[in-house]
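These notes are about the structure you will find just below.
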2 protein chains.
Amino acid sequence: MPATSTTSPTGRPAPSASRQHTLRERNLRLVAAAVVEATVPPSRADVAAATGLTRATVSTLVDRLVAGGLVAELPPVAAQRAGRPAVPLVPARRTVVGVGLEVNVDYLGVRVLDLAGDVVADRVERGSFHDSDPGHVLGRLREIAHGVVSDVEGAGMRAVGARLALPGLVDSHDGRLEVAPNLGWSSLDPRDLLDLRATDGTPLALEVANEAKLAALAELAGDVPSSFLYVSGDVGVGAAIVVDRQLFLGDRGWNGEIGHVVVDPAGPRCTCGALGCLEQYAGKEAVMRAAHLPDDAPLAELVELLLGHDGGANGAARRAARALGSALADFINLVGVPTVVLGGAFATLEPWLRDDVVATLGERVLAAPFVELDVRAAQAGERAALTGGAREVLRSVVADPAAWV
Amino acid sequence: MPATSTTSPTGRPAPSASRQHTLRERNLRLVAAAVVEATVPPSRADVAAATGLTRATVSTLVDRLVAGGLVAELPPVAAQRAGRPAVPLVPARRTVVGVGLEVNVDYLGVRVLDLAGDVVADRVERGSFHDSDPGHVLGRLREIAHGVVSDVEGAGMRAVGARLALPGLVDSHDGRLEVAPNLGWSSLDPRDLLDLRATDGTPLALEVANEAKLAALAELAGDVPSSFLYVSGDVGVGAAIVVDRQLFLGDRGWNGEIGHVVVDPAGPRCTCGALGCLEQYAGKEAVMRAAHLPDDAPLAELVELLLGHDGGANGAARRAARALGSALADFINLVGVPTVVLGGAFATLEPWLRDDVVATLGERVLAAPFVELDVRAAQAGERAALTGGAREVLRSVVADPAAWV
DNA sequence: CTGCAATAGTTCAGCCGTACAACAAAACGC
DNA sequence: GCGTTTTGTTGTACGGCTGAACTATTGCAG
């Protein structure tokens, strides 16, 4: 909450008067980021060299971060060379944690991560939330979350915020959910129904976002370029734009709606009312139907057929891949980011999608001769939005450590 | 040049150590922006109130900006109320100027603007640069630019930088032109052929960008939302994304290629090799042909026919508008910015395009029920890229006044 | 084993830029 | 004409960073 109260719609900090303590805040952030993003635990001297600050300044800043529980010191280890051994600095474990929450069509989830990226708690409850009652479902999520937060705080950790992932259009200004077709929810503020509190009663800052967008952020934990497009295949097809390791949200966060990009104006009618949307070719129901499976067949069944070289399933995959390639070509031509990460069901199906997607991109992306197009499967695993949400909370702590130390 | 040397690919400043003078730089920018962006000339006290700085601090900063020629004081005018009369502050006129350059298919242009937004110099040379020689054309542009810069500097002004607009794919990292189909140019660095110098021999910082993108920036001079999509119709169809009054450049600046978005996969073959690109419906040649005019007919001729309610011309306009609406719907669904500014020939044709574009957007934009879609004609006038380029130079001065005072 | 070089981290004076408060300047109004 | 009001300036205090000197702890050469 404090971290975002002075940010513009797109998340960029609004310019305001800089005072002495602004220096402190900025340099604290710089040092915290240097420690968190380092691949090998740096010493104070390493941080000084990396940031351009003096060792003296880094020392005082690090001391503050250690006191605040954001950074921890490892026992000094003698290097292979002369000189006093360095004290390696690492993101603190089990001190400050972020909470990821999700309501999706077939499960509720809560996942808690610490600054080291460790999963501290993970709870999933399966169910069927098609056309469900928001108050009831969010009430249940609240119970689960409250239990998890109690456990975590009982173990001495501090929950600093939560992100709720929803499969629908979320307004990034006010966190309202405009519509979530597959849940049957519309026009509500989840924070009215899900006020989370720490055990001492203080409210836990909660922000709401689209599921695909938080799932995209989970990829940042792995080896991925700093800018990429993320496309998540599920019942719907959602996408996210990540630039310089940050979500690009457009005007109010309702972007990345690649599921309704035109593939063929003479194509089948979509649930949105238009004709030939991508979802009618690469959405779960369309793919299952094309593979002669029931609409709601599990993904594993399709994979089974594909592994057995079933003609119908392969045809369905190729049709989906061609359509996906066409829509992604538009995406790349418009946004200008040449790396595509396939998430959700597309990650599982990547071996059967990749070639046709790449071929279509090669034909339709105008800049194809000048840049290397890169299509790859997501790495974040199951229910990535939970990880992404929790990570995002922790990122906001690192981005504004002054508020937490 | 100094302003961008430490910026990331997308133009966001790379974080680095903050020192005392960082405060100065940031607050100088804040004050300069407050003066430049104000609608009515503010006093030092007004600026202090707007920025949150104290009057004392604002005074020293303003004095510096005045000394550097970025800000000027108007004679104090007695307000209608008690108190010492304020000294109104305005962007300085005819002191610091930015240079916009452009090579397009049918003209070369140079335009010089000062901080007040006044056009200080404007020179256009018509010609035909289809399949032209880059060295020759840029050499000629260099001559014209050199003459203009000499005049301007002779009048006591200081040219602080230049932007060159080209109708093609420009790499925003290194300023190289990858390809400009209508000029027949490819793979060259315009700065090798166009090194500009002030009269005293010091080189003038030159950056290169796509024509539609600089034209989009020219809109910021008028009454336009802080985020919008800009679509420019010409021989090709180009676009730009402006968010928070800044260009969004994706990974390397080759975005906004809306001309090659899929309108109909069964449509006519495009020069890019793919089928049914927007350019085959809304590009100049396609529209002229559909209106039964020669490919290279002047726009005025089409307008004439449209004003006369010519059936063929109207059909061509509607076909173009439907296709444009379809591609723009994709654009909006993907990027999430609901305001569209029609530029270039589309600005002239806006009366005949708007209704069909708006109708198509209403059908295909997923968020249409929740946000107000806004389609409007560009305001910047002829050869907007020149204005946008010059403005962009001046914006970079205001964004980093410390480098210039 | 001893002393020296090398590296890490700490201490302290100095500097710089902003805040705060008092003050000077220039209007209005009764 | 004098108090009031608002603008802009002056001087002091304070906070945060730098730079240099200093301490701590290692490796290595002799």
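Chain naming here is simple, since letters A, B, ... match the order of the sequence lines and numbering starts at 1 in each. Hydrogens, waters and symmetry mates play no part in the numbers below; they use all other heavy atoms, side chains included. A quick note: this is a predicted structure, and the numbers were derived from the prediction, not measured.
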Any side-chain heavy atom of [X] within less than 4.5 Å of one from [Y]?
X: B:Val66; Y: B:Glu73; value: yes
X: B:Arg391; Y: B:Glu219; value: no
X: A:Lys213; Y: A:Glu392; value: no
X: A:Val119; Y: A:Arg111; value: yes

Does the pair A:Asp118/A:Arg93 count as a salt bridge with the N-to-O cut at 4.0 Å?
yes
Salt-bridge contact B:Arg44-B:Asp46 (side-chain N to carboxylate O under 4.0 Å):
no
Taking all non-hydrogen atoms of both residues, which atom of B:Leu204 and which atom of B:Gly161 are closest, and how far apart?
CD1-N, 3.6 Å
Can you give me the closest heavy-atom contact between A:Pro91 and A:Val35, atom names plus distance?
N-CG1, 3.8 Å
Just checking [X]: base, sugar-phosphate only, or nothing, at a heavy-atom cut-off of under 4.0 Å?
X: B:Val87; answer: sugar-phosphate
X: B:Ala56; answer: base
X: A:Thr60; answer: nothing

Return the value, rounded to whole Å, for the distance between atom [atom1] of [X] and atom [atom2] of [N].
X: A:Arg26; N: D:dG16; atom1: CZ; atom2: C1'; value: 14 Å
X: A:Leu74; N: C:dA8; atom1: CG; atom2: P; value: 16 Å
X: B:Arg24; N: D:dG16; atom1: CZ; atom2: C1'; value: 15 Å
X: B:His21; N: D:dT18; atom1: NE2; atom2: P; value: 9 Å
X: A:Leu23; N: D:dC14; atom1: CG; atom2: P; value: 19 Å
X: A:Leu89; N: C:dA8; atom1: CG; atom2: P; value: 12 Å

With a 4.0 Å heavy-atom cut-off, tell me which residues in residues 40-51 of chain B come close to DNA chain D, sorted by residue number.
B:Ser43, B:Arg44, B:Ala45
Using heavy-atom distances to pick each residue's nearest nucleotide on DNA chain C, tell me which of A:Ser18 and A:Ser59 is more 5'.
A:Ser59
Passing candidate, side chain to side chain contact (heavy atoms under 4.5 Å, CB included) with B:Leu89, options B:Val36, B:Val71, B:Leu74, B:Val58
B:Val71
Out of A:Leu61, A:Leu28, A:Val96, which one pairs with A:Val405 under the side chain to side chain contact (heavy atoms under 4.5 Å, CB included) rule?
A:Leu28
Heavy-atom contacts, protein to nucleotides 23-30 of chain C, under 4.0 Å, summarised as B (base), S (sugar-phosphate only) or - (none) per nt, yield --BBBS--
Below 4.0 Å: OP1/OP2 of [N] and any side-chain N or O of [X]:
X: A:Thr57; N: D:dC17; result: no
X: B:Asn27; N: C:dT18; result: yes
X: A:Arg19; N: D:dC14; result: no

First encountered from the 5' end of DNA chain D, between B:Asp63 and A:Glu25
B:Asp63
State which of D:dG19, D:dG8, C:dT18 makes the closest approach to the side chain of B:Ala86.
D:dG8
Is a donor-acceptor pair below 3.5 Å formed from side chain A:Gln20 to base D:dG15, judging by atom type as modelled?
yes
